[in-house]
Trainee: 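Below is the structure I would like to discuss, written out as structure tokens.
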Amino acid sequence: MEGCKSNLMREMMLIVLCFCFMSNYAAGESDISKKEDVEISRLLKILNKPPVKTFTTKYGDIIDCIDIFKQPAFDHPLLKDHKIEVKPTFPREGMGSFTTPDNPWSEIERRKERCPLGAVPIRRTTKQELIFGSKYHWEKTKQRNSNTYPHTPMYHHFASIQPVEGKSYYGGHVIMGVHNPLVTPEQFSTSQMWIQNGPEEQINSIEAGLAVYPKLFGDNITRIFGYWTADGYKSTGCFNIFCPGFVQVHPSITFGELLEPVSVYKGKKYSIPVEVYKARASGNWLLSVGEQVIGYWPKELFTHLAHNASIIRYGGIAGALSGSPSPPMGNGHFPEYRDYDLAKAGFMREMKVFNEAGEIVYFDFTKAPRKLDTKKDNCYKLYYYSYISKPYTWNIITYGGPGGSSCP
Ligand SMILES: *[C@@H]1O[C@H](CO)[C@@H](O)[C@H](O)[C@H]1NC(C)=O
Ligand SMILES: *[C@@H]1O[C@H](CO)[C@@H](O)[C@H](O)[C@H]1NC(C)=O
């Protein structure tokens with residue numbers, strides 16, 4: 001077993017080296033040499049551990065049930081002595097009910113399949129997803145016409161809102177609209193929350209929410225995703241469970257879970273609560289979606305996020321390979337100023353933060369700057385409202401846009 005472990009570490013180092021080399025090129029499969037190809041296949045076998053049970057979802061996803069103590073997270077050297085938090089406390093005290101009538105979760109709860117006691121679900125990864133998801137991120141991508149990251153082929157835009165910076169935060173809560181912007185295989189579009197701390201070049205970041213991301217998931221369905229880095233998106237971290245780190249605890253829901261139905265433009269709206277928060281007792285960063293704790297990012301993974309977060313952000317990212325137009329964000333329609341009809345644009349509502357006292361509170365929207373990387377409103381827009389009466393809700397954003405050629 002011990003020999004096995006060190007062998008594994010050596011292989012993972014090798015892969016990391018390969019990825020460093022690869023990142024000078026487009027991250028397409030065609031750019032991978034025979035040798036790297038062999039190594040990636042081997043890593044794939046390591047990440048896709050022998051399952052105790054396997055089931056297939058109605059969309060054809062293969063879910064492997066892995067012994068909870070043998071899941072990929074524990075191959076991380078910092079988690080060697082990690083004490084697994086098998087039953088994270090949820091619902092939290094004083095939480096009330098966030099259940100929304102337009103919650104698409106019921107579909108998932110109807111699914112009978114779950115892993116046997118002592119096992120957790122891990123979505124089986126394809127080689128392409130692994131290549132992309134383990135070492136690639138939009139923050140490494142560049143904006144068109146910028147030379148910040150000249151070697152990467154992707155660029156992106158974001159539209160977000162951020163409660164006042166510099167305080168100590170212990171998590172974020174949001175009810176996210178569930179949208180399915182139409183993207184091509186070269187594009188991606190997210191609705192997400194950022195939890196961050198530290199200076200830019202070594203920023204610790206946890207990002208989670210919903211994404212349409214063909215390079216990660218192999219299709220254009222809206223799915224749950226997560227991401228972490230502890231060194232400014234350089235060498236630590238990855239999407240989902242594409243590298244050791246995230247500890248899966250939920251017996252049936254994991255990254256890649258798809259959400260349906262999705263909101264219809266000017267029609268029925270669907271939304272789902274998403275939270276990332278620091279568990280008081282353990283200090284781990286828990287991810288809950290639809291009031292279900294999926295799992296957590298252990299505190300050992302982080303430096304600056306070990307104690308608290310200084311930045312919480314909510315919004316969307318839309319990106320594409322250079323040469324492809326910018327994809328739609330939100331539901332693909334521009335929000336209109338003072339249009340309170342949430343069925344017309346991408347929306348998030350009930351945005352809150354976990355404060356130092358351990359309370360979940362609305363933050364002051366008047367002091368929360370909008371953060372958009374496009375100066376002109378011809379690309380993506382974001383409006384915020386402290387309160388609208390129908391539906392009765394607080395701290396709302398409407399955001400997004402069609403992208404396309406108007407969006408350089
Ligand atoms: C989305 O996926 C479906 C099924 O694979 C495909 O038929 C459709 O063309 C895709 N849409 C886009 C915009 O790529
Ligand atoms: C929050 O985290 C920062 C950086 O890790 C630390 O310096 C600070 O003392 C923490 N604040 C509290 C209230 O724990």
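Here, residue 1 is the first one in the sequence, and each next residue gets the next number.
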Trainee: If every non-hydrogen atom of Lys53 is compared with every non-hydrogen atom of Arg114, which pair is closest and at what distance?
Mentor: NZ-O, 3.0 Å

Trainee: Specify the closest pair of heavy atoms between Ile294 and Gln248, including all atoms of both residues, with the distance to one decimal.
Mentor: O-NE2, 3.4 Å

Trainee: Excluding sequence neighbours, so at least two apart, what forms ring-ring contact (aromatic ring centres under 6.0 Å, His included) with Phe365?
Mentor: Phe363, Tyr384

Trainee: Side chains of Asn240 and Thr125: closer than 4.5 Å at any heavy-atom pair?
Mentor: no

Trainee: Given His333 and Lys344, is the side-chain contact (heavy atoms from CB on, under 4.5 Å) satisfied, shown in steps?
Mentor: CA-CA 7 Å; His333 295 267; Lys344 290 211 236 151; over 6 Å; no

Trainee: Check whether the ring centres of Trp285 and Tyr296 lie less than 6.0 Å apart, and answer yes or no.
Mentor: no

Trainee: Under 6.0 Å between ring centres: does that hold for Tyr385 and Tyr340?
Mentor: yes

Trainee: Hey, do the aromatic rings of Tyr213 and Phe188 have their centres closer than 6.0 Å?
Mentor: yes

Trainee: Judged by modelled atom types alone, do Tyr399 and Ser191 share a side-chain donor-acceptor pair under 3.5 Å?
Mentor: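 Looking only at side-chain atoms, Ser191 and Tyr399 do form a donor-acceptor pair, the distance falling under 3.5 Å.
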
Trainee: Using the rule side chain to side chain donor-acceptor pair (under 3.5 Å), only one of Lys49, Arg124, Arg123 pairs with Asp64; which is it?
Mentor: Arg124

Trainee: Do His156 and Thr190 have side chains that get closer than 4.5 Å, going by heavy atoms?
Mentor: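 Not touching, per the 4.5 Å side-chain cut-off.
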
Trainee: Whether Lys299 engages the ring of Phe302 as a cation-pi pair (distance to the six-membered ring centre under 6.0 angstrom, angle to the ring normal within 45°) should be assessed.
Mentor: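 Ring-cation test returns no.
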
Trainee: Can we call the ring centroids of Tyr227 and Phe239 under 6.0 Å apart?
Mentor: yes

Trainee: Side-chain contact, heavy-atom cut-off 4.5 Å: Gln196 with Gln162?
Mentor: no

Trainee: Can you confirm whether Thr229 sits close enough to Ser205 that some side-chain heavy atom of one is under 4.5 Å from a side-chain heavy atom of the other?
Mentor: yes

